[in-house]
Asker: 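One structure, pasted below without further comment.
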Amino acid sequence: MDTTKPKFYALDMFPYPSGAGLHVGHPLGYIASDIVSRYKRLNGYNVLHPMGFDAFGLPAEQYAIQTGQHPAITTAENLARYKEQLNRIGFSFDWSREVQTCDPNYYKWTQWIFIQLFESWYNVKSDKAESIDQLISIFEIEGNINVAHHGDEAKSFTAEQWEQFSPMEKSNILQSYRLAFQKETTVNWCEELGTVLANDEVKDGLSERGGYPVTQKLMKQWYLRITAYSDRLLEGLNHIDWSDSIKEMQRNWIGRSEGALMTFSLETQYKGEEDKNSNLKSNLLAPSIQVFTTRPDTIFGCTFMVLAPDHEFVSQITSEDQRAAVEAYSHKAANKSERERMMSKEVSGVFTGGYAIHPFTNKKLPIYISEYVLSGYGTGAIMAVPAHDDRDHAFAKKFGLDIIQVISADEEIDVQEKSYDAKEGRLMNSENFDRLTVKEGIQAIIQLAEERGFGEKKVNYKLRDAGYSRQRYWGEPFPIIYKEGVPTVDYDLPVSLPEVKSYKPTGTGESPLASNMEWVNTSNGQRETDTMPGYAGSSWYFLRYMDPNNNEAFAGKESLEYWNQVDLYIGGTEHATGHLLYSRFWTKFLYDLGYLNFDEPFKKLVNQGMIQGESMLLNVGDRELHIPVELANKDATITIQKLEELKAKDNRFENLDISLLDNQNGLISLRTQVEKMSKSKYNVVNPDDVCDDYGADTLRLYEMFLGPLEDSKPWSTKGIDGTHRFLKKLWALFYNQDGEQVWDESEPSKDSLKTLHKTIKKISEDIDNFSFNTSVAQFMICVNELGSQNCYSKAILEKVLVILAPFAPHITEELWNKIGNAGFILDAAWPVFDESLLIESTKEYPISVNGKARTTIEFPLDMAKDEIEKAVLSNEIVQKWLEGKAPKKVIVVPGKIVNVVV
RNA sequence: GCUCUGGUGGUGGAAUUGGUAGACACGCAGGACUUAAAAUCCUGUUCCUUUUUUGGAGUGCGGGUUCAAGUCCCGCCCGGAGCACCA
C-alpha cells in the first residue's frame, strides 16, 4: 500500500446478524458510506471501508435455549445470509478485513483490553489512566495519603499498614481504584432474561430486548469506571463533527451539574443498642447528613429534609413511634419495580420522627423519607426548598410543611400556590445575603459554608459506572481466576468460551458457564463464570479493522497511526448513549496508555434515518389484522383470491369469514399505517426482492433519492420507476433498443461539455455535503439534457460514467468495459472540473420594482452596475411601472437581480 | 415538564444561506406511436380568478426588520425524537 497517499476511513456501524435477514432500511447508511468511499477512491485516497459483525448477543442465545442448537451455528448461518444480501447490493467492502466479535482471535483482544482496564487506575493529578503497579509502589512507599484518584472512597492508610494487609484486603482496596473493578450494588435485574442489564439497556423499566420487567437486586458485579472520564467525555464533544442532537443526548446522559455539598447536623442521635460486630462509626450514630444541591442560594428557604427510602441513615434517625410506618414504606418502595415506581406520579412519603439542624438558622427541620429522592444520585438526601422547587412544593403541600420565599421574582408570585424555580431574581429572607442575585448568592453561601466547615463546592454527574457482568453464555469470558477469593488475571489469552450442557441461565444469578466444572476449576483457582456485555466487542472493533490479522497486538502501531480516526461513521441514533459513549471511553483509555495517538474515535458522525414500513391492515370488525405487504396491491387493496390463500395457510385468519367483508369488484380495501419494519407486522421489505425486480443500482439510487439521509421516511415503491427509468435513459445514450451502438468518438459539443461540468461540480459538492438525493436529481437532469442535445460523444459519456459509478456501480462498470475501457472503473480518476466552461457571457436578470418581479432583461455579465442601472431605467416596461415617478434607489446584485425602489 | 428537531403543491422532496418558491421524481390529465395493451416519447400540472389574454393569494398561525423573508427577530399552534422525580 502506498502510504504517502491521503487516507480516508469510512465506517458503518456493524450489524447484529439476526435471523430475519436484512430489510430495505439496513442498507441506507451502507449505501451512503459506499458512495463516499468510492468517491474518495476515485479522488486518489486510500480508503478503508470494512464490514464485520457484532455476533455475540442475546437473540442467538435465546434461540439456542429454545432449540438446543449452539449459538455459534445459528450465528454463522445468519451471518452468511447477511453477507450474501450485502454483496448483492454491490458494496465495496474490504472483506479481507472482516471482524466477528465472537471469533476467539478477536475476543482475545477484547479480553486483553479488559485486563488493561483491570490493571489501571485514574490519576486525578495527571488526569489520565495509569498502571496499577505504579500505584502499588506508591502505597508501598507512602500509603495512599497523597493519592488523588477517580473512584470509590478508600480509607487512608500508611505504607506500614499497606504492608500488613492480607492479600484479600489489598485486593479489596485496589478494587476502589481499578478502572475495571468489582462492587456489590443494586443492579438492574431482569428475571425473565436471567441477567443484569446496563442502564442504557433498560427502557421505561423494561428490558430493551424482549421488553421484560426489570427490578433492583443486590449483586457483586464487574464494572468499568467510565465516570472517571466524565469530564473528558463531555469536553471531547466540542471537537467532533456530530449532530447536535446526539451530542446533546450524550451531555444529558453524562448529566454534569455544578452545585454544593451541604452538611446538616442531626438533632436526634442513635439511641438504640450498639452494633458490636461493626467497627464502622456510621452504624452507631449518624452525626450529620450530607445533601447535594445546585441551589445553595435557596438554603434559607429549606424547611425540611428528605432521604431516599434506602438511605443508609434511615433506620438510625427514625424515632420509635415512627419506626413501623417508616419500615413499611421502605419495604414497599424496595419491592416496587423500576416501572411501577416511574408510573406513579403520586406524592408519597413518611416522617421519620428525626430532625436536622439548619446550619445557618439553627432551626429544627423534620426529616422525611420519600421515593422522589433517589439513592443513586447525589448523596441520596436533599434539603427541601418548597418555595423554589416544584417537587418539594408538592411534598410540602401534601404534608402541610412551611413554604418560605427566599428569591424574589420580577412578576407577582405566590409561592404558597406555586413554586418559583427560575434561576433569576434576588435573595430575600436570607439574613446578610438579601439583595444578592442568584448567581452571587450561590457563590457567597458556598464560601461562607466552606469557611464554617459545613459545605463545599461539588460537581455531580448522572453518569454511572457501567455494569460489565452478564449471567449469560454467548459472550466473552472474563480472563479472571479467583485465587483463594482474590481475582487475578489469566494472561493466557484467549480464554475460550467452553461447551456447556444448557444455555439457560440458572436464575439464581449464576451464568451457564458455572455448570462446566472442568472449565471453572483450574490449577490456579476458579474462573469467573460471568461473561462480558454486548458492548464489549463493539467498543473497539473500528481499531481491529485497521490490522485485523495481527496476533501480537490488537492492531499494529503503523496501522493505527496511518488510519487514525474514523473520518466518517454512519449509523442509527439508537446507539447514542450506549455504543458511542463506550467507544469514546475505550479510545480515551487506550490513548492514555499510549496505544493510540488520538482520543476521539469518530471524527464525523452521520445518523441515517429509519426507513419505516407501510403496514396493511384488514378490518375484521372488532380488530385489525396485519396482511403481508407483498400480497397487497399498490392502491391498498387485496383480491379475495389472495385473501383466501392467506386464510388457508395462516392461522391468524382461521375464524375470518371473507364473504362478510365489504368487497368491490373482488377487491377488499385495507388501511395503511406507517410503522417500524418488523416481522410481526408483516411489513418487512427485503432488498433481495427489489434487486430481483429492478436491479441493485436502482435500489441504491432510489434509497438515496427518497430524501435526506438523516430523515426517517416510510418505504414506498411509488417512485422507484423514476430511478429505474433514469438508468434506462442512461443506457440509451450508449445503445439503442436493438442493442446497436449509438455512442461515437465525435468531438463533444459546447452544450454537452457545459452539462457535464455542471454535473461534476454539483455531484462533488453534494457528496461533500451528504446531499445524495439532490445528486440523483442532478444525474437525471444530466441524462435528460445529453439526450435532448443528441450527445453520444464517448469523451463526455465516459466521464459521466465515472461520476455516476459511486451511486450505480454495476451499470457503470458494465458500460465502462463495453465502450472499450479496461479494468475497474474505480481505478479511474474523478474528472477535473473546468469552471471556464460554465462561465456565461450574458445573464437574464429579473427586474423587480419595489420587490415585485415584473420582467427580465438580458445583460452581459461583466457590465458595470451603473450601466445596468441606466439600461433598466430606460426600459419600456420599467418606465411604464414607474409611471413617471423618480426611482429612489436601484439595487443591482450581480448575477442575481435588479430591484428598483420607488 | 425539559432538551433537540422539523412544519413548503395531491405525494416524496428542491431552493447556492436574504435575491423570480415549488428543482428532480411520483401521481394525475391530455396527446403521439400501436388493431389493442405494455413500453417509450411529447405537453400540461401550487391555488383562486379569467375569453388561451389577465389579475390576485401563497412556504403552520400572528406580528416585526428589510428595496427584498421559506430563510433573520418576537409571540403562539402542531408533529417527530430523546430525557424524565437528577435536587
Side-chain angles (χ1 to χ4, degrees), chain A residues 203-204 243-253 255-257 259-260 262 291-296 298 306 341-342 344-347 370-374 376-385 388-392 394-395 421 460-464 573-574 576-577 607 609-610 634 701-702 705-708 710-714 716-723 725-726 728-729 732 737 761-762 765 769 771 773-782 784 787 844-856 887-902:
Chain A
K203 293 257 141 54
D204 299 328
S243 73
D244 289 340
S245 61
I246 293 276
K247 285 189 187 180
E248 202 55 36
M249 276 189 225
Q250 294 216 341
R251 285 194 190 104
N252 287 340
W253 193 261
R256 182 181 202 273
S257 52
M262 290 286 178
V291 300
F292 174 73
T293 177
T294 53
R295 295 296 302 275
T298 62
V306 187
R341 195 183 63 74
M342 287 197 300
S344 74
K345 293 277 167 199
E346 195 192 328
V347 179
S370 173
E371 277 186 289
Y372 87 89
V373 175
L374 308 172
Y377 184 76
T379 61
I382 61 154
M383 60 175 220
V385 184
H388 303 289
D389 183 285
D390 187 42
R391 295 152 305 178
D392 297 345
F395 196 85
D421 294 16
N460 219 347
Y461 299 90
K462 279 196 245 176
L463 187 67
R464 298 274 84 96
T573 52
E574 66 272 22
T577 49
N607 301 110
M610 202 172 44
K634 271 191 182 177
L701 283 167
Y702 183 55
F705 190 55
L706 228 40
E710 276 145 302
D711 291 2
S712 283
K713 52 231 150 191
S716 131
T717 44
K718 267 185 192 164
I720 199 163
D721 292 322
T723 41
R725 227 167 264 160
F726 156 72
K728 285 200 250 179
K729 285 183 195 170
Q737 283 173 323
K761 184 179 185 216
K762 178 87 171 113
E765 284 171 3
N769 297 325
S771 179
N773 54 334
T774 53
S775 320
V776 178
Q778 181 59 41
F779 280 125
M780 290 177 175
I781 294 169
C782 174
N784 283 342
E844 268 201 354
Y845 281 76
I847 310 298
S848 44
V849 175
N850 277 344
K852 296 255 176 189
R854 303 300 181 190
T855 185
T856 56
K888 277 186 193 148
K889 196 161 49 159
V890 180
I891 293 148
V892 179
V893 184
K896 302 265 183 178
I897 195 168
V898 179
N899 192 18
V900 181
V901 185
V902 183

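Just so it is clear, the structure is predicted and the values come from calculations on it, not from any experiment. Protein chains get the first letters and strands the later ones, always in sequence-line order, with residue 1 at the start of each.
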Asker: What distance, rounded to whole Å, do you find between the two C1' atoms, one in B:G7 and one in B:U59?
Answerer: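 Roughly 9 Å separates the two C1' atoms.
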Asker: Hey, does A:Lys728 reach any base, or is it just sugar-phosphate, or nothing, if we go heavy atoms under 4.0 Å?
Answerer: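 Touches sugar-phosphate only.
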Asker: Can you tell me, in whole Å, how much space there is between the C1' of B:C33 and that of B:A21?
Answerer: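 My reading of the C1' atoms in B:C33 and B:A21 gives 37 Å.
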Asker: Using a cut-off of strictly less than 4.0 Å, decide whether A:Arg251 has a side-chain nitrogen or oxygen near OP1 or OP2 of B:C83.
Answerer: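 For A:Arg251, the contact criterion (side-chain N or O under 4.0 Å from OP1 or OP2 of B:C83) is not met.
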Asker: Which of these nucleotides, B:A15, B:C4, B:U20, is closest to any side-chain atom of A:Thr774?
Answerer: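 Taking heavy atoms from C-beta onward, the closest nucleotide is B:A15.
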Asker: Using a cut-off of strictly less than 4.0 Å, decide whether A:Asn784 has a side-chain nitrogen or oxygen near OP1 or OP2 of B:A25.
Answerer: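 A:Asn784 to B:A25 OP1/OP2: side-chain N or O found under 4.0 Å.
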Asker: What's the closest nucleotide to the A:Met249 side chain, out of B:G27, B:G82, B:A87?
Answerer: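 Nearest nucleotide to the side chain: B:G82.
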Asker: In terms of relative ring orientation, are A:Tyr377 and A:Phe292 parallel, tilted or perpendicular, with 30° and 60° separating the classes?
Answerer: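 Judged by the thresholds at 30° and 60°, the geometry between A:Tyr377 and A:Phe292 is perpendicular.
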Asker: Where the side chain of A:Val901 is defined as all heavy atoms beyond and including C-beta, which of B:U20, B:G27, B:C67 is the nearest nucleotide?
Answerer: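 Given the options B:U20, B:G27, B:C67, the side chain of A:Val901 is closest to B:C67.
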Asker: With rounding to the closest Å, how many angstrom separate the C1' atoms on B:A81 and B:G10?
Answerer: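 Straight-line distance between the two C1' atoms is 28 Å.
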Asker: What distance, rounded to whole Å, do you find between the two P atoms, one in B:C67 and one in B:C76?
Answerer: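 One P to the other, the span is 28 Å.
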Asker: Take the protein atom CD of A:Gln778 and the nucleotide atom P of B:A15, then report the distance between them rounded to whole Å.
Answerer: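 Rounded to whole Å, this separation is 12 Å.
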Asker: Classify the nucleic acid contact of A:Pro708 as base, sugar-phosphate or nothing, counting any heavy atom under 4.0 Å across all strands shown.
Answerer: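 Sugar-phosphate contact only.
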Asker: How many whole angstroms separate atom CD of A:Glu765 from atom C1' of B:A15?
Answerer: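 Taking CD of A:Glu765 and C1' of B:A15, I get 14 Å after rounding.
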Asker: For A:Ile891 and A:Pro846, take the nucleotide of RNA chain B holding the closest heavy atom to each; which residue's nucleotide lies nearer the 5' end?
Answerer: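 The residue whose closest nucleotide sits nearer the 5' end is A:Pro846.
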Asker: Considering only B:G19, B:A14, B:C85, which nucleotide approaches the side chain of A:Leu374 most closely?
Answerer: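 My answer, after comparing the listed nucleotides, is B:C85.
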Asker: Taking the side chain of A:Lys729 as its heavy atoms from C-beta onward, which of B:A14, B:A39, B:C41 lies nearest to it?
Answerer: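 Of all the options, the side chain of A:Lys729 is nearest to B:C41.
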Asker: Drop me the distance from A:Tyr845's OH to A:Asn899's CG, to the nearest 0.5 angstrom.
Answerer: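 A:Tyr845 OH to A:Asn899 CG: 13.5 Å, rounded to 0.5 Å.
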Asker: What's the closest nucleotide to the side chain of A:Asn899 if the choices are B:A68, B:U3, B:U20?
Answerer: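 Nearest to the side chain of A:Asn899 among the choices is B:A68.
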Asker: Look only at the side chain of A:Lys762 and the backbone of A:Phe779, and say whether a donor-acceptor pair between them is shorter than 3.5 Å.
Answerer: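 Not a single qualifying donor-acceptor pair exists.
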Asker: Taking the minimum atom-to-atom distance to the side chain of A:Phe705, which one of B:U16, B:A87, B:G12 wins?
Answerer: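 Among the listed nucleotides, the one closest to the side chain of A:Phe705 is B:G12.
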Asker: Measure the distance from NZ on A:Lys713 to C1' on B:G13 and round it to the nearest whole Å.
Answerer: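 Answer to the nearest Å: 11 Å.
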Asker: Choosing from B:U20, B:C4, B:A87, which nucleotide comes nearest the side chain of A:Thr294?
Answerer: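 Looking only at side-chain atoms, A:Thr294 lies closest to B:A87.
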Asker: At under 4.0 Å, does any side-chain N or O of A:Lys896 touch on OP1 or OP2 of B:U20?
Answerer: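 So the side chain of A:Lys896 is outside the cut-off, no N or O lying under 4.0 Å from OP1 or OP2 of B:U20.
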Asker: If we take the C1' atom in both B:C72 and B:C24, what is their distance in whole Å?
Answerer: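 That atom pair is separated by 29 Å.
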Asker: Looking at every strand, decide which applies to A:Val776 at a 4.0 Å heavy-atom threshold: base, sugar-phosphate, or nothing.
Answerer: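 Answer is nothing: A:Val776 stays at 4.0 Å or more from every strand.
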Asker: Hydrogens and angles aside, do A:Asn460 and A:Ser257 bring a side-chain donor and acceptor to less than 3.5 Å of each other?
Answerer: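 Note: A:Asn460 and A:Ser257 side chains miss the donor-acceptor criterion.
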Asker: Thinking salt bridges, do A:Arg251 and A:Glu248 make one under a 4.0 Å N-O criterion?
Answerer: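 Salt bridge: yes.
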Asker: Please report, rounded to the nearest Å, how far the P atom of B:G6 is from the CG atom of A:Asn607.
Answerer: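 Taking CG of A:Asn607 and P of B:G6, I get 14 Å after rounding.
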Asker: Remember a base hit wins even if backbone is also touched, and classify A:Asn252 as base, sugar-phosphate or nothing at under 4.0 Å, heavy atoms.
Answerer: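 It contacts nothing in the nucleic acid.
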Asker: Between A:Arg725 and B:U40, does any side-chain N or O lie under 4.0 Å from OP1 or OP2?
Answerer: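 Yes, such a contact exists.
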Asker: With a cut-off of 6.0 Å (strictly less than), are more than 12 heavy atoms of other residues, nucleotides or ligands near CD of A:Glu844?
Answerer: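 Yes, CD of A:Glu844 has more than 12 neighbouring heavy atoms, counting only those of other groups under 6.0 Å.
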Asker: If you measure from the C1' atom in B:A69 to the same atom in B:G58, how many Å do you get, rounded?
Answerer: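 About 14 Å, rounded to a whole number of Å.
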Asker: Does A:Arg464 use its side chain to pair, donor to acceptor, with the backbone of A:Gly376 at less than 3.5 Å?
Answerer: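 Yes.
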Asker: A:Ile781 side chain: which of B:C85, B:C24, B:C4 is closest?
Answerer: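 Of the candidates, B:C24 comes closest.
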Asker: Taking atom P of B:G12 as reference, at what distance in whole Å does atom CG of A:Leu706 sit?
Answerer: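 Distance, rounded to whole Å: 11 Å.
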Asker: In sequence, state the C-alpha distance, the side-chain angles, and the governing distance for A:Arg256 and A:Leu463, and then conclude on side chain to side chain contact (heavy atoms under 4.5 Å, CB included).
Answerer: CA-CA 8 Å; A:Arg256 182 181 202 273; A:Leu463 187 67; over 6 Å; no
Asker: Are any side-chain N or O atoms of A:Asn769 and backbone N or O atoms of A:Glu765, one a donor and one an acceptor, separated by less than 3.5 Å?
Answerer: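 Answer holds: yes.
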Asker: Answer yes or no: is there a side-chain heavy-atom contact under 4.5 Å between A:Thr293 and A:Met262?
Answerer: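 Result yes, sub-4.5 Å side-chain heavy-atom pair found.
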Asker: Quick check on B:G82: syn or anti? Syn means the glycosidic torsion is within 90 degrees of zero.
Answerer: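 It is anti.
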Asker: Using atom P of each nucleotide, how far apart are B:C61 and B:U8 to the nearest Å?
Answerer: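 Pairwise P distance, B:C61 against B:U8, rounds to 10 Å.
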Asker: Out of B:A15, B:C26, B:A87, which has the shortest distance to the side chain of A:Lys718?
Answerer: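 Nucleotide nearest to A:Lys718's side chain: B:C26.
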Asker: Counting only side-chain nitrogens and oxygens, does A:Asn773 get under 4.0 Å of the OP1 or OP2 atom of B:G12?
Answerer: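 No, no such contact exists.
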Asker: Figure out the CD/P separation between A:Glu371 and B:C85, and round it to whole Å.
Answerer: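 Whole-Å distance recorded here is 11 Å.
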Asker: Take A:Glu248 and A:Ser848, find for each the nucleotide of RNA chain B with the closest heavy atom, and name the residue whose nucleotide sits nearer the 5' end.
Answerer: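 Final value for this comparison: A:Glu248.
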Asker: Taking only the C1' atom of each, what is the distance from B:U45 to B:G82 in whole angstrom?
Answerer: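 Rounded to whole Å, the distance is 41 Å.
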Asker: Under a cut-off of 3.5 Å for both distances of each Watson-Crick or G-U pair, what dot-bracket string does RNA chain B give, using [ ] for crossing pairs and | for inter-strand pairs?
Answerer: (((((((..(((......[....)))((((((.......))))))(((......)))..(((((..]....))))))))))))....
